[in-house]
Structure formats: C-alpha cells, structure tokens
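Below is one structure; the comments refer to it alone.
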Number of protein chains: 2
Amino acid sequence: MAQKPASKQAASRKPNMREAILAAAEELFSINGFTAVSVRDIALAAGANPGSVTYHFKTKDGLLLEIYRRHCGPMNHRRFELLEAARRVRDLQDRLEAIVRAYVVPAFTSGSDLAGGGARFTRLRAVMSAEGNEVVRKIIAQTFDDTSHAFIDAIHESLPHIPRDEIVWRGHFLLGALYYTLVTPERVSRLSRGGADGSDAGNAIEQLVRATVASMQAPPLDQPEPANKRGRHVHADHSRA
Amino acid sequence: MAQKPASKQAASRKPNMREAILAAAEELFSINGFTAVSVRDIALAAGANPGSVTYHFKTKDGLLLEIYRRHCGPMNHRRFELLEAARRVRDLQDRLEAIVRAYVVPAFTSGSDLAGGGARFTRLRAVMSAEGNEVVRKIIAQTFDDTSHAFIDAIHESLPHIPRDEIVWRGHFLLGALYYTLVTPERVSRLSRGGADGSDAGNAIEQLVRATVASMQAPPLDQPEPANKRGRHVHADHSRA
DNA sequence: CCATCTTTTGTACATATGTACAAATGATCA
DNA sequence: TGATCATTTGTACATATGTACAAAAGATGG
C-alpha cells in the first residue's frame with residue numbers, strides 16, 4: 001500500500017540519490033551524447049554506485065526516458081501558456097513576435113526548478129537528435145509534434161499569405177538555430193571576437209527572435225521577386241494562394 | 001562503378017580498400033556519430049578487415065581526421081569562388097542573396113565526385129559538433145573560421161547599418177538551420193504532412209536562402225524598428241527585457 | 001624466376017561497457 | 001524493540017571496443 005508520503009510524492013527536502021543521478025545524467029548526456037557517456041560515468045558524477053542506476057531506472061535507455069518524461073510536460077505546458085497569451089495580441093507584427101518568443105523562451109528558461117534546467121534539456125535534445133537516438137525519436141514525434149503544429153498554425157494565422165509548408169521550413173530553421181546556439185555557443189563569441197557572448201541566454205533569445213520574425217515575413221518562394229525589392233517586401237497584398 | 005555482387009573479396013581488380021573504408025566511415029559517422037560507430041562496423045560496411053583500418057589510418061581518430069582533410073579543401077575553395085562572384089553583383093539585395101547562396105550551396109553539393117558527398121560531409125560536421133568531438137574542434141576552428149569571417153565581412157559590406165556582431169549571430173543561425181536540415185530532414189516532411197520534402201536539397205537551399213536573406217535584413221536590436229528606414233515594419237515593442 | 005615492398009588477414013589483449021544479482025545497509029512502523 | 005520494506009553496495013559476467021602484431025597474400029621491379 002502506498003501510505004508513505006515521504007517516499008516519492010511530496011518531500012521536497014531529501015537528498016535523493018535518484019535525483020542526483022538524473023541531474024548528472026542530464027548534464028553529461030547534454031555535453032557528450034548518449035553513447036559516449038557510460039553508466040559508470042554517471043554514477044561517479046552523481047556520487048552513486050553504478051548498481052544504483054540499474055535499480056532506479058532499470059536500463060540506460062530507461063534513464064534517458066525518465067529525463068524526457070520529467071521535462072517535456074512543464075516545457076510544453078509553459079509554451080502553450082505563452083502561446084495563448086500571444087494569440088491575444090492585437091497588432092499582427094507584435095503577435096508574430098510574441099508567438100516566436102513563446103516558442104523560444106521556454107527552451108532556454110523553462111524546465112524544473114534547477115537553474116539552467118531548460119537550456120540544458122534543450123541542449124540535450126539537440127545532441128540526441130544529432131545522434132539519431134532511437135529511444136528519443138518516438139518521444140520527439142509523440143510529444144513535440146503537437147506543440148510544433150500549434151505554433152505553425154498560430155504563425156500561419158498571422159501570416160496568411162505565406163504557404164504553410166514554408167512556415168514549416170522556417171520553423172524548422174528556427175529550431176536548428178536554437179539547437180546550434182545551445183550546442184556551440186562559444187562559436188559566436190569566437191567569430192564576433194569577443195563582441196558577443198554566445199552563452200548569454202538573454203541576448204541569444206533576442207537575436208533569435210528578431211532574426212526569426214524577419215525570416216517568417218520573407219515573401220514566399222512561389223511569389224516572384226518583386227521588382228522594387230530594395231524597399232518594402234514585407235507586406236504583399238497580391239497573394240495568389 | 002563496382003558491378004560485382006555483394007561479395008567481399010572475389011574479383012578484385014583494384015578495390016582500393018582505403019577509399020572504401022573512408023566512404024563507409026563517412027557514411028556511418030554522419031548517421032550515428034563517432035563514438036557510436038566501431039572500427040569493426042566500418043570494416044564490415046567497407047568489406048574490409050578491421051586490421052586494415054589500423055593499417056591505413058593508424059587510429060580511429062586518424063580516420064576521422066582524414067575524412068576532414070579530404071573534404072575541407074574543395075568545399076572552402078568552392079565557397080570562395082562563389083563568394084568572389086557574388087561580390088561582383090551590383091544590386092545590393094541580389095548581392096546579399098548571392099553571398100548567402102555561395103555559403104549554402106557548397107554545403108549541399110560540393111565535395112568529392114561522390115554523389116551527395118557534400119551533404120553527407122556537412123551532416124557529418126553537424127553530428128560531430130553536437131557530439132563535441134575534441135579531434136574535430138581544432139580542425140573546425142582552424143579551417144572554417146577563415147571562411148566564416150570572409151562571409152561575415154562580405155555580408156557586413158552589403159548591410160553596413162547592421163552591427164557586425166548581429167551578423168555573426170544570424171550567420172550562426174544559418175549554420176544551425178543548415179545542420180539541422182541535413183540531420184533531421186524527415187521532420188520537415190512530417191510536420192508539413194507530406195507537403196514538403198525535407199530531403200529535397202534543391203528546395204531546402206531555396207527555402208534556407210530566402211529565410212536567411214530576410215533574417216539578415218532585419219533591423220538590429222539596438223534600433224527598435226524604425227518605420228522610416230528600409231522595409232516596412234510595424235513598430236515592435238521595446239518593453240520586453 | 002627471386003627479392004622487396006605494400007597490403008590484407010587473423011588473432012590476441014587489455015580495457016570498457018551494460019546489466020544482473022546477492023549481500024549489506026538504512027529507513028519505517030506495529 | 002524487531003519485522004518488513006527500500007535502497008545502496010560490491011561483484012561478476014558476457015560482450016564490445018581500440019589497437020597492436022605477426023603471418024599470409026599480393027604487387028613490383030630486376
């Protein structure tokens with residue numbers, strides 16, 4: 001019978017080994033990938049015994065699965081909250097920016113109560129997607145496609161003259177840029193010769209939002225390039241689709 | 001090229017095992033990452049003996065190194081060729097697009113004479129950067145930073161009113177989008193419900209160029225979207241932090 | 001033909017890996 | 001307290017890994 005409140009449910013104060021293992025695994029996976037990190041590495045970093053990992057999560061895959069289970073819910077919940085708020089913005093351009101921001105911000109900040117948990121988990125997802133992890137592929141398709149579709153549709157509503165497929169492409173580029181920024185932030189610092197800090201999440205968010213909003217507003221491909229393109233090409237009224 | 005059936009040794013005119021090993025390793029690394037692929041996997045895929053890999057490349061790292069050495073030269077050479085041609089385009093907007101295209105196209109098509117060699121090598125670089133491979137990190141910084149700076153400067157010349165650091169950010173986003181498209185093309189197909197094919201390199205290039213040109217032209221952050229300058233942008237907020 | 005160099009093969013070895021499992025330890029409550 | 005459960009520890013095992021190395025096979029030039 002489940003009559004122990006201090007076991008798994010409440011009890012915010014408890015030096016739980018299970019949590020330490022999860023945190024250590026998340027950190028190591030997000031830096032070195034799944035296959036490159038051994039169960040022993042994780043146990044060592046968590047100050048635990050290798051057998052303890054098997055006890056709590058059965059397999060290494062189970063550990064990865066639990067990391068996803070822990071983060072996906074809160075992150076997507078936060079995204080939907082922000083998306084609902086963004087939908088209520090009246091000005092079309094402001095709304096588009098709010099939608100993009102609603103997608104980007106939780107990837108950097110949301111997640112559990114751990115500091116930097118959101119960015120770490122997103123970096124983990126980036127690394128896993130590059131690694132082609134099979135365990136993760138299912139979770140991604142199951143958990144994130146709903147969110148993606150919701151954002152694509154919302155953006156499409158504020159940019160009706162752009163075909164949905166092109167919004168899919170540009171949203172895809174957004175995710176790639178997001179991932180890459182979290183995976184290799186030092187590249188920004190290096191190429192800007194110290195002028196910009198790739199690890200500054202606040203700046204990264206603003207740059208990413210600004211660039212993405214502009215890319216979303218680009219004229220679609222099937223629309224022939226306007227003759228006087230040096231000027232305004234954001235709002236095109238003669239849409240054929 | 002090779003019309004012999006799926007046998008490993010019979011009928012060998014000049015099999016050039018070294019090339020077969022390189023090709024197999026490149027393919028496997030670009031899909032599964034470096035650590036996840038064993039020397040025996042590579043040897044099996046190449047129809048070679050594991051010891052042959054050691055003979056030709058000494059270590060597994062040496063094999064990866066040779067893959068990079070083989071592709072970096074031609075790819076960056078092609079990029080510089082296209083960049084020089086792009087610089088001569090008179091119209092500023094056309095020039096910007098030509099520059100972006102000069103960066104993107106070789107990533108998909110250039111490389112050796114092998115079909116799809118360029119895209120495969122770029123996908124390999126994407127996977128390696130996500131894996132944080134130490135062997136690769138040096139080559140990247142040494143070989144690609146020159147190219148990146150050249151393109152950043154060229155773009156900056158055609159967009160002088162945008163701070164260089166912001167161009168660095170947007171170029172960084174471009175590379176992330178490029179990588180992610182090569183790593184996970186099926187995501188585009190899935191989210192567009194079959195309307196777009198993420199594996200269609202031609203379409204991917206056009207979408208990427210169009211989106212990137214627009215993102216590059218976005219007003220800089222310190223300049224909160226003036227309505228009088230270029231492109232019609234409805235005023236955005238400056239309240240968010 | 002032989003001699004010499006290059007390449008391939010087979011095998012071996014030390015170590016790393018995921019995971020199973022029993023014993024030891026710790027916590028909880030009648 | 002002692003009994004029962006949860007957790008941790010230590011160890012073991014089968015397999016996978018990178019790489020070294022010697023023998024075999026093949027090519028090359030005289």
Side-chain angles (χ1 to χ4, degrees), chain A residues 1-26 28-29 31-67 128 131 133-136, chain B residues 2 4 6-26 28-29 31-67 128 131-136:
Chain A
M1 297 288 282
Q3 204 173 357
K4 291 180 276 288
S7 181
K8 275 187 183 178
Q9 297 188 358
S12 54
R13 278 289 172 207
K14 189 179 177 185
N16 211 345
M17 206 79 261
R18 187 187 149 96
E19 294 300 320
I21 292 171
L22 274 172
E26 194 181 311
L28 289 176
F29 284 161
I31 293 178
N32 302 103
F34 184 74
T35 47
V37 175
S38 74
V39 174
R40 285 167 180 83
D41 291 336
I42 298 168
L44 183 70
N49 191 285
S52 196
V53 177
T54 314
Y55 169 73
H56 283 291
F57 307 99
K58 199 63 184 174
T59 68
K60 196 185 173 188
D61 283 352
L63 174 54
L64 181 62
L65 211 71
E66 180 59 26
I67 293 175
M128 292 299 115
E131 211 171 355
N133 191 293
E134 199 51 45
V135 184
V136 158
Chain B
K4 53 176 172 250
S7 182
K8 45 194 302 184
Q9 55 180 2
S12 53
R13 184 56 61 187
K14 187 174 182 187
N16 206 347
M17 265 303 156
R18 188 185 148 95
E19 293 301 319
I21 292 170
L22 273 172
E26 194 180 311
L28 289 176
F29 285 161
I31 294 179
N32 302 103
F34 184 74
T35 48
V37 174
S38 73
V39 173
R40 285 167 180 82
D41 292 336
I42 297 167
L44 183 71
N49 191 285
S52 195
V53 177
T54 314
Y55 169 73
H56 283 291
F57 307 99
K58 197 64 185 174
T59 68
K60 197 184 173 189
D61 283 352
L63 174 53
L64 181 62
L65 212 71
E66 180 58 25
I67 293 175
M128 292 300 115
E131 211 172 354
N133 191 294
E134 198 53 43
V135 185
V136 158

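Labels below follow one simple rule: chain letters A, B, ... track the order of the sequence lines, proteins then strands, and each chain is numbered from 1.
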> Considering only heavy atoms, which members of residues 47-61 of chain A lie under 4.0 Å from some atom of DNA chain D?
Replying inline: N49(A), G51(A), S52(A), Y55(A), H56(A)
>> Tell me the interatomic distance from L65(B), atom CG, to dG18(D), atom P, rounded to whole angstroms.
In response: 17 Å
>> At a heavy-atom distance below 4.0 Å, what parts of residues 39-46 of chain B sit against DNA chain D?
In response: V39(B), R40(B)
> Which atoms form the tightest heavy-atom contact between T35(A) and E131(A), and what is the distance?
Replying inline: OG1-OE2, 2.7 Å
Tell me which donor-acceptor pairs under 3.5 Å the side chains of residues 43-58 of chain B have, and how far apart each pair is, sequence neighbours excluded?
| unit_1 | atom_1 | unit_2 | atom_2 | d |
| --- | --- | --- | --- | --- |
| N49(B) | OD1 | G51(B) | N | 2.9 |

> Judged by atom type as modelled, is there a donor-acceptor pair below 3.5 Å linking the side chain of N133(A) to the main-chain atoms of V136(A)?
Replying inline: yes
> Considering all heavy atoms of both residues, which atom of L63(A) and which atom of L22(A) are nearest to each other, and what is their separation?
Replying inline: CD1-CD2, 3.8 Å
> Over how many whole Å does the gap from I21(A) atom CD1 to dG18(C) atom P extend?
Replying inline: 14 Å
> How far apart are the C-alpha atoms of M128(A) and L64(A), what are their side-chain angles, what is the distance that settles it, and do they pass the side-chain contact (heavy atoms from CB on, under 4.5 Å) test?
Replying inline: CA-CA 10 Å; M128(A) 292 299 115; L64(A) 181 62; 4.1 Å; yes
> Rounded to the Å, how far apart are L28(A) CG and dG18(C) P?
Replying inline: 12 Å
> How far apart are the closest heavy atoms of I21(A) and I42(A), and which atoms are they?
Replying inline: O-CG2, 3.9 Å
> Could you state the CG-P distance from L64(B) to dT19(D), rounded to the nearest angstrom?
Replying inline: 12 Å
> Nearest-Å distance, CD (E19(A)) to P (dT7(D))?
Replying inline: 12 Å
